[in-house]
Amino acid sequence: MQKYDAIVIGAGHAGSEAAMALARMNCRTLLLTLKAEKIGWMSCNPAIGGVGKAQLVREIDALGGVMGRAADICAIQFRMLNASKGPAVQSLRAQIDMYRYNQYMRQLLKAQEGLTIKEAEAKKLIIEADAIKGLVTEKDEEIFADCLVLCPGTFLDGLIHVGLKHHSAGRINEPASVALADNLKELGFELMRFKTGTCPRIDKNSIDYSRLKIQEGDSCPVPFSFSTGKITAPQLPCYITYTNKHTHKIIRDNLDKSPLYTGIIKATGVRYCPSIEDKIVKFSDKDRHQIFLEPEGQDTQRVYPNGLSTSLPEEAQLEMIHSIAGLEEARVMTFGYGIEHSVVMPTQLYPTLETKRIKNLFFAGQINGTTGYEEAAAQGLVAGMNAALRLKGKDPLILERTNSYIGVLIDDLTTKGTFEPYRMFTSRVEYRLILRQDNADIRLRKIGFKVGLVSQEEYRKTEEKMRAIAAGIDFLKKTRIKPDARLNSRLAELNSSPITRSVTLEELLKRPQISIEELKKAGYIDMPEFALPQVEIEVKYAGFIARQYKDVERFNNLEKIKIPQGLNYASISGLSREIKEKLNKFKPINLGQASRISGVTPAALSLIMVYLKKINNG
């Protein structure tokens, strides 16, 4: 009999993080995948990070996950987005050598002690007494485990569309997982259909770069991982072009052959990453749309035209591409396609990502209705950590909206659900000024250290950073400088008013024209380089940060009021039947989560609070 502590199904970004977390937390883990050579494969765009997503990657790294380090090693261009805006919305994005990333992840997982990789298809879960016991493969082989993390990506009853033709597949030239989708329905899970898509790939040697605008990366790239030193790998440029009126006419003329506009695809697509057909129809007033030509790696001819996601027929795709400046003679290496796949309504999960229906069964990634590598990896890490904690008999890890983007992501999914593919944005996060990408290690490193995914040495560095920041802020508060001609002359050059009395360095730094680098160059401060960004942010935004912490305190008051699992809401007089039904269905773990369920009113919360006090005192 084959027996493991845990099984992870699927080796994409969610499955890779889940499997690594379990094995590194000393659980004998089996990673089941259809193709071991595709571990960590980037199915769509060759990039990691972006607005809202960079924060997820930094948090994954702070907790001890692997995506940030892998991205740093395999990146071919770094850019800090929103660099001219406030720190709450600044987000790192990197172009990735997707082939090197795949190779790195394969080698990392194969070398991990306690992790076994097996090529097989899971067709059925083994359930006993409403708890997971293992799975059955397509060859009727039974494999047993006490916990299972399911991360099937787009493979769950996947259906690929190109024009009016479609076929079953989980990814191009890879089979879908149909039997497992049927099994989940049999087990009583509520499934939905979502749609995503990808772009055609173009031969770089067939592009006329003289007609394109070049986009270089940052000259001093900032890494994703808090463990990475300086980025030294050679960087590649991207290029920008645009669609035009002729391109749009070609697309409109072929809408009768588009599965999106002929009713063949009935699934819900990604609102914030629409196909080019969607853009032309929904934004008909626009004369052009931007296309980023992104290299897929250092040693490949393949270029990804980001912005041209499509499921039009191949001949229409070719005509469309040839109408775009710089792509008139472009050779298509792979055509774009749309893909429908099954997902579960994520309100069927606890915030640990364990299913409410079956004990010790966890879901992570696109099965929960998300889109994007970063969202998947974040869920995979949390699901893997919680599966390991369950196996060890320890308390679960529940990240909060107040301490992480990952907490917001999971709370949104498990409390509100989603009826379209969910992607992370800074706008979804109420406390984004204190949940920045630069301080993810300060917020979450301790958690990673406690569960065993962050080393003593890495945690020591974080503690050193925290001490340096505190000492730096204290120094600025206490150190005063007197007015002199040299200082006032420099202030005038910076369009800042002169000082007429002694001021603290903190007061000076609060001025919008004065940066901490300016104080350092003037010789006023001497503190570690790694502490400078946080010291500056903490000083300049002190009032706003203090206000957000007060908001967090009010929010946490509701989160602290725990709701016992199995609470009989029918016994709480005054609640409407609708609210009782919703509470019984969603099974909130605390009053804060209950407050975010659609339709649960403040009056209902008051009734629940009174009832909880009564039974706690009774």
Side-chain angles (χ1 to χ4, degrees), residues 52 55 59 88 190 344-357 368-370 375 378-379 382 386 395-420 422 424-435 443 546-618:
Q55 286 81 349
E59 291 178 358
E190 179 187 349
V344 300
M345 173 53 79
T347 52
Q348 298 170 96
L349 308 176
Y350 292 114
T352 58
L353 298 182
E354 181 184 21
T355 67
K356 295 172 181 175
R357 185 172 291 275
N368 294 338
T370 60
E375 290 88 343
Q379 293 172 73
V382 170
N386 273 312
D395 290 338
L397 169 66
I398 298 177
L399 296 172
E400 308 288 351
R401 298 187 77 89
T402 54
N403 71 5
S404 60
Y405 270 62
I406 300 176
V408 172
L409 165 70
I410 294 174
D411 185 64
D412 278 352
L413 294 172
T414 59
T415 302
K416 303 172 186 175
T418 185
F419 294 95
E420 62 184 37
Y422 178 106
M424 178 51 71
F425 290 105
T426 55
S427 57
R428 296 188 190 273
V429 182
E430 300 93 334
Y431 311 113
R432 55 186 174 270
L433 186 53
I434 58 177
L435 304 183
R443 292 184 279 115
R547 199 175 306 154
Q548 283 213 341
Y549 276 119
K550 285 183 180 177
D551 292 340
V552 166
E553 190 176 350
R554 284 192 290 270
F555 178 92
N556 282 338
N557 287 335
L558 282 180
E559 301 293 304
K560 288 174 184 174
I561 302 174
K562 304 299 180 187
I563 298 177
Q565 288 305 298
L567 180 67
N568 182 14
Y569 293 100
S571 62
I572 305 177
S573 59
L575 292 181
S576 70
R577 178 180 294 179
E578 180 192 1
I579 288 175
K580 288 176 182 177
E581 287 175 357
K582 284 191 172 183
L583 291 168
N584 278 317
K585 179 181 178 182
F586 285 92
K587 298 180 175 64
I589 62 169
N590 58 48
L591 210 59
Q593 193 182 35
S595 73
R596 295 187 291 280
I597 297 171
S598 174
V600 176
T601 63
L605 293 173
S606 296
L607 289 170
I608 299 168
M609 193 183 303
V610 169
Y611 182 82
L612 290 174
K613 284 181 180 177
K614 182 179 174 182
I615 62 173
N616 288 334
N617 295 331

For [X] and [Y], which heavy atoms make the closest approach, and how far apart are they?
| X | Y | answer |
| --- | --- | --- |
| Val429 | Met424 | CG2-SD, 4.1 Å |
| Ala378 | Leu409 | CB-CD2, 4.2 Å |
| Gly52 | Tyr405 | O-CD2, 3.7 Å |
| Ile572 | Leu607 | CG2-O, 4.1 Å |
| Leu583 | Ala594 | CD2-CB, 4.2 Å |
| Leu575 | Ala604 | CD2-CB, 3.6 Å |

For the atom pair [atom1] ([X]) and [atom2] ([Y]), what is the distance rounded to the nearest 0.5 Å?
| X | Y | atom1 | atom2 | result |
| --- | --- | --- | --- | --- |
| Gln548 | Glu430 | CD | CD | 9.5 Å |
| Leu567 | Ile608 | CG | CD1 | 8.0 Å |
| Met345 | Leu413 | CE | CG | 10.0 Å |
| Thr355 | Tyr350 | OG1 | OH | 8.5 Å |
| Ser427 | Arg432 | OG | CZ | 6.5 Å |

Please check: side-chain N/O of [X] versus main-chain N/O of [Y], any donor-acceptor pairing under 3.5 Å?
| X | Y | result |
| --- | --- | --- |
| Asn386 | Thr352 | yes |
| Asn584 | Lys580 | yes |
| Asn590 | Gln593 | yes |

Quick one: do Val600 and Leu605 satisfy side-chain contact (heavy atoms from CB on, under 4.5 Å)? Show the steps, please.
CA-CA 7 Å; Val600 176; Leu605 293 173; 3.9 Å; yes
Non-hydrogen side-chain atoms of [X] and [Y] separated by less than 4.5 Å:
| X | Y | result |
| --- | --- | --- |
| Ile410 | Leu399 | no |
| Leu558 | Met609 | yes |
| Asp411 | Pro351 | no |
| Phe555 | Glu559 | yes |
| Pro564 | Leu612 | yes |
| Phe586 | Thr415 | no |
| Lys562 | Ile589 | no |

With Arg428 as the cation and Tyr422 as the aromatic partner, state whether NZ or CZ is under 6.0 Å from the six-membered ring centre and within 45° of the axis.
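Verdict for Tyr422: a cation-pi partner in Arg428.
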May I ask you to decide whether [X] forms a salt bridge with [Y], counting only side-chain N to carboxylate O separations under 4.0 Å?
| X | Y | result |
| --- | --- | --- |
| Arg443 | Glu59 | yes |
| Arg596 | Asp412 | no |
| Glu190 | Arg357 | no |
| Lys582 | Glu578 | yes |

Distance-only polar pair, side chains of [X] and [Y], donor-acceptor under 3.5 Å:
| X | Y | result |
| --- | --- | --- |
| Ser573 | Tyr611 | no |
| Asn368 | Gln379 | yes |
| Tyr431 | Asp551 | no |

Evaluation steps, side-chain contact (heavy atoms from CB on, under 4.5 Å), between Thr347 and Thr414:
CA-CA 4 Å; Thr347 52; Thr414 59; over 6 Å; no
Around Gln565, counting heavy atoms of other residues, nucleotides and ligands shown, do more than 12 lie under 6.0 Å from its CD?
yes
For Gln55 and Leu435, what are the C-alpha separation, side-chain angles and deciding distance, and is it a side-chain contact (heavy atoms from CB on, under 4.5 Å)?
CA-CA 8 Å; Gln55 286 81 349; Leu435 304 183; over 6 Å; no
Using the rule given for side-chain contact (heavy atoms from CB on, under 4.5 Å), can you reason through Lys356 versus Lys587, listing the C-alpha separation, both sets of side-chain angles and the distance that settles it, and then say yes or no?
CA-CA 8 Å; Lys356 295 172 181 175; Lys587 298 180 175 64; 4.3 Å; yes
